[in-house]
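Contents: one structure, followed by commentary.
Positions are given from 1 along the sequence.
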Amino acid sequence: MPFRHIAAVLALLALVTGCSSGVVPSPPRHTSRPPAVPPTSEEVRRLVLPFDAYALSGPDVHTIESAEDVLIRDCMRAKGKAWRALPQPSTVDPDPPQRRRYGVIEPDVARRFGYHLPPAPPETARRDEIWRAREKMPRAAQLAAYGKDGVGGCWKKAHVHLLRGVPKGSTAQFNRRIRDEFTASQQHRAVRSVVRSWSACMKGNGYRYPDPLAAAGDDRWAKSPRPSRQEIAVAEADVRCKQETRLVSVWGKAETRIQHDVVRSHAAEFRKLATQKSSWLKAARRVIRGGA
């Protein structure tokens, strides 16, 4: 991923619940013509947690990036430089943030990809292609776009412009809460019970793992760019055991209760986060409408 793109994503104040999808370590994405990614299951669509309302979704991030892109384009044109624009952001997230929160939970995904990450959705792939192409721009265009340090130039002007009037919130604290409450959920009585049932189910299938995170993070899966037959067999058993024990439902309900309690206990903090998110997205959409 280009450095500028990393800086841009980090500058989104780390509001994305990517940390939720990052709870379970995963090997690299597929390469060399992987099979198509199946549509998101209804179970995944239903897996929405209270903290999600305060975090930026994938489409939200793309909206903010696209708004900055409009401002960068105008700045670059004023400098006599060309700028290849990002595609318009989608309003539907093809890869919801909680899709892999408890490991793989969809039978089709387990069967096709094991524990490997599926290919990026088409829109994300097109955007990444443009980010990579920007790394090959002439040096003069690079300096105009990003400055000498990679986070200056037209990009910095666009980023600062978009944040005008957006209230600051404690996003570092929010990210800590996401991590801490996930850890707390693992100690919840109902979660510990259902995880033990899941582990017993896996043992009955010939696989010994203490919990779904251990299965998904097995070091063996990272040794190959594509899933082995063994990996797929384990992933399929994992999903079956999750379904038999209702692990996703039980764990999701426990996390929902924990997160609701945190939101109620820190209402002012979360109101500020909600205002920050709403203001930023409104500003981004105004820029996109004006630059279309």
Side-chain angles (χ1 to χ4, degrees), residues 1 9 12 15-31 33-66 86-129 178 182 185 194 198 212-213 215-217 221 226-227 231-256 259 277 281:
M1 184 184 294
V9 173
L12 294 182
L15 275 173
V16 190
T17 48
C19 52
S20 58
S21 60
V23 164
V24 179
S26 299
R29 291 189 183 276
H30 273 272
T31 56
R33 296 185 181 180
V37 183
T40 306
S41 70
E42 182 61 28
E43 182 178 29
V44 168
R45 292 288 178 191
R46 290 197 306 266
L47 187 54
V48 178
L49 299 174
F51 282 2
D52 291 353
Y54 305 92
L56 293 173
S57 67
D60 290 341
V61 172
H62 290 173
T63 295
I64 291 170
E65 285 182 339
S66 292
L86 293 169
Q88 288 296 305
S90 171
T91 57
V92 177
D93 194 345
D95 193 22
Q98 312 304 348
R99 192 170 195 177
R100 300 174 70 88
R101 188 169 189 83
Y102 311 122
V104 178
I105 66 176
E106 298 164 286
D108 281 352
V109 172
R111 178 173 56 83
R112 299 187 196 188
F113 305 104
Y115 292 105
H116 277 60
L117 287 174
E123 179 192 345
T124 301
R126 289 193 297 271
R127 297 174 78 92
D128 287 346
E129 179 187 356
I178 293 172
F182 180 80
S185 74
V194 78
W198 173 90
L213 309 188
W221 315 148
R226 298 183 68 84
E231 178 184 336
I232 289 175
V234 173
E236 289 185 312
D238 179 355
V239 172
R240 286 196 304 272
C241 288
K242 286 189 175 93
Q243 292 175 337
E244 289 177 17
T245 60
R246 298 179 61 250
L247 181 142
V248 174
S249 174
V250 171
W251 202 337
K253 287 179 180 177
E255 276 208 273
T256 295
Q259 291 188 8
K277 174 182 175 179
L281 287 171

Looking at side-chain heavy atoms only, is the closest gap between [X] and [Y] below 4.5 Å?
X    : Y    : value
P38  : R111 : no
R246 : K253 : yes
F113 : V104 : no

Looking at [atom1] of [X] and [atom2] of [Y], how far apart are the two atoms once the value is rounded to the nearest 0.5 Å?
X    : Y    : atom1 : atom2 : value
L56  : T63  : CG    : OG1   : 9.5 Å
H116 : E231 : NE2   : CD    : 5.0 Å
Y54  : Q259 : OH    : CD    : 10.0 Å
L47  : E42  : CG    : CD    : 11.5 Å
I64  : K277 : CD1   : NZ    : 9.5 Å

Practice task
With salt bridge (Lys or Arg N to Asp or Glu O under 4.0 Å) as the test, would you mind laying out the steps for R240 and E236 before giving the verdict?
Solution key: CA-CA 6 Å; R240 286 196 304 272; E236 289 185 312; 5.0 Å; no
Practice task
Using the ring-ring contact (aromatic ring centres under 6.0 Å, His included) rule, take F182 and W251 through it: C-alpha gap first, then chi angles, then the decisive distance, then the call.
Solution key: CA-CA 10 Å; F182 180 80; W251 202 337; 5.7 Å; yes
Exercise for the section: Check whether the side chains of D60 and S57 place a donor and an acceptor atom closer than 3.5 Å, and report yes or no. Expected result: yes
Problem - Minimum heavy-atom distance W221-A215, with the two atoms named - result: NE1-O, 2.7 Å
